[in-house]
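Proteins get letters first, then strands, A, B, ... in listed order; numbering begins at 1 in each.
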Protein chains: 2
Amino acid sequence: MTVLETQGFLPHIAFDSVVFGFSKGKLKILLMEYHDTGWLALPGGFVGKNEDLDEAAKRGLKERTGLDNIYLEQFYTFGNMARFRPEVMQTILAANGFHLDSDHWMLDRFISVSYFALIDFEKVILTPDELSDSIAWYEIENLPNLILDHNAIVRKALQTLKENLERKLIGGNLLPERFTMNELQQVYEAIFGQKLRRTTFQRKMLGLEILERHEKLYTGKSHKAPYLYSFRKV
Amino acid sequence: MTVLETQGFLPHIAFDSVVFGFSKGKLKILLMEYHDTGWLALPGGFVGKNEDLDEAAKRGLKERTGLDNIYLEQFYTFGNMARFRPEVMQTILAANGFHLDSDHWMLDRFISVSYFALIDFEKVILTPDELSDSIAWYEIENLPNLILDHNAIVRKALQTLKENLERKLIGGNLLPERFTMNELQQVYEAIFGQKLRRTTFQRKMLGLEILERHEKLYTGKSHKAPYLYSFRKV
DNA sequence: ACCTATTGTCTCATAATGAGACAATAATAA
DNA sequence: TTATTATTGTCTCATTATGAGACAATAGGT
């Protein structure tokens with residue numbers, strides 16, 4: 001099925017995903033770079049005529065990252081007229097050799113149902129789509145300009161993530177199965193954008209009784225080895 | 001512009017609104033009853049081809065309640081295949097004398113961008129739309145069956161409202177400009193679905209320094225008169 | 001055996017909350 | 001006028017949570 005195949009998709013409806021990863025103490029997201037234009041955008045796609053909206057978002061993530069069973073949460077639907085800029089999509093498609101009539105469905109107005117995902121950075125296998133040169137990680141603190149309203153989408157995703165972080169205890173989804181308390185703290189610090197007090201953080205996390213303690217991790221560093229933890233199942 | 005006028009609206013995209021009001025100690029929402037069928041549904045509508053998504057929701061509310069400048073928040077977009085039940089819309093329209101071809105846009109699949117609103121119960125002037133016999137208040141604790149997935153939409157709206165209640169301090173939007181501490185507490189109790197401790201609630205609210213104290217309210221009851229409060233502007 | 005950086009746990013001060021006591025008071029009844 | 005009643009506003013005290021730091025334990029290196 002090619003990207004231009006029209007029968008398969010609902011017109012006017014797209015999805016975009018803000019995929020968060022964590023590496024080297026930094027919170028990052030995935031961005032695609034389109035051919036020639038150099039324009040950057042969130043990974044996204046269209047919804048099949050017979051496909052659940054959520055399934056479309058999952059499928060899109062699977063295609064770009066190779067991952068199944070991801071933490072995925074819908075957070076907002078963007079539908080302002082200001083995001084209707086047919087010349088943007090036209091330029092992207094032209095750079096790929098497609099020259100569409102101005103009444104083609106892909107040049108119509110779209111609303112974007114937006115999701116954010118939390119994934120284990122190490123597990124991802126990045127795969128660009130047909131319109132892109134590359135898909136790569138970018139630090140959230142230092143994002144370049146993105147097409148359309150995608151910078152605003154990222155801001156809202158990050159805001160939602162912050163608001164839900166404690167209540168839903170989802171921070172661990174950015175780490176591998178087992179992690180140290182320090183790694184978990186770094187995730188929280190990267191998301192909140194501020195340093196946290198080590199002892200208070202540790203006491204709080206242990207007090208919630210959601211962590212399971214495992215063996216120690218000997219890193220070769222000359223100091224006490226930290227325990228590994230995982231989130232308690234069910 | 002009639003409801004069947006097709007050029008004006010985006011296909012496949014609808015909005016629905018969960019309009020919360022508070023009266024006699026109960027949290028209530030607005031429901032429409034369709035002609036003949038007796039089916040109940042959330043007030044909603046379609047998005048103009050040149051209309052912001054949020055503007056469409058505001059317009060819909062204005063039409064049903066007569067109110068402008070409402071607290072309105074988008075909370076989720078429902079897009080499962082399970083909500084695609086063309087026979088439901090067909091029956092509703094048939095009851096109004098419209099017999100559409102099965103490929104008519106109103107019988108297509110729709111995703112619903114859903115909003116919740118908080119309004120002053122006393123200010124509303126209810127106005128049914130062309131397809132409805134009535135629009136009326138129903139207690140949230142004792143909702144009847146609604147069409148499609150509208151019961152699920154209400155549940156999610158209430159959940160979002162609960163989660164945001166303290167963080168955003170939006171409870172006051174359900175009351176008139178001036179209110180007693182007891183009235184405010186009743187709003188919180190109705191939303192959370194549980195009794196709160198009077199003294200703790202009062203201390204907390206006053207401690208937030210968002211309330212302005214006005215004159216006392218003499219109700220004629222034989223006990224100490226409570227102060228009236230309003231939310232501090234800016 | 002000593003040094004260093006980091007970890008896990010403890011203590012103490014401060015802030016927030018739960019639970020109730022109690023005086024003030026607006027209307028009514030005696 | 002005085003007593004009664006229901007409710008309100010404010011206090012107090014116990015309990016719990018959080019901020020800030022002290023300190024011993026320890027994995028390696030010197």
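Contact record, V19(B) with W137(B): O-CZ3, 3.6 Å, taken as the closest heavy-atom pair. Taking all atoms of both residues into account, the shortest heavy-atom contact from Y229(B) to H214(B) is C-CD2, 3.8 Å. In this structure, K156(B) and F78(B) approach most closely via the heavy-atom pair CB-CZ, 4.0 Å. The two residues I147(A) and Y34(A) have their closest heavy-atom pair at CD1-CE1, 4.2 Å.
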Before giving the answer on ring-ring contact (aromatic ring centres under 6.0 Å, His included), spell out for F22(A) and Y188(A) the whole-Å C-alpha distance, their side-chain angles and the decisive distance to 0.1 Å. CA-CA 10 Å; F22(A) 180 78; Y188(A) 275 71; over 10 Å; no
Step by step, would you call R178(B) with E215(B) a salt bridge (charged side-chain N to carboxylate O under 4.0 Å, His left out)? CA-CA 10 Å; R178(B) 296 193 176 190; E215(B) 75 281 4; 2.8 Å; yes
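Residue G207(B) is classed as having no contact, given no heavy-atom separation below 4.0 Å to the nucleic acid.
The existence of a salt bridge linking E63(A) and R59(A) is confirmed by a sub-4.0 Å separation between a basic side-chain nitrogen and an acidic carboxylate oxygen.
Below 30°, between 30° and 60°, or above 60°: for F110(B) and F46(B) the angle between ring planes is between 30° and 60°, a tilted geometry. In this structure, F116(B) and F20(B) have perpendicular ring planes: the angle between them is above 60°, well past the 30° mark. Between Y115(A) and F15(A), the two ring planes are perpendicular [angle over 60°; tilted spans 30° to 60°].
Nearest-nucleotide positions on DNA chain C for L206(A) and S222(A) put S222(A) closer to the 5' end.
For the contact set between residues 183-202 of chain A and DNA chain D, defined by any heavy atom under 4.0 Å, the members are R197(A), T199(A), T200(A). Taken residue by residue, residues 212-219 of chain B places heavy atoms nearer than 4.0 Å to DNA chain C at K216(B), Y218(B).
Scanning DNA chain D 5' to 3' for nucleotides with an atom closer than 4.0 angstrom to a non-hydrogen atom of chain B gives a first and last hit of dT5(D) to dT12(D).
Taking atom NE2 on H223(B) and atom C1' on dT28(C), their separation rounds to 12 Å, with Å as the unit. Spacing between atom NZ of K221(B) and atom P of dA27(C) amounts to 11 Å, rounded to whole angstrom units.
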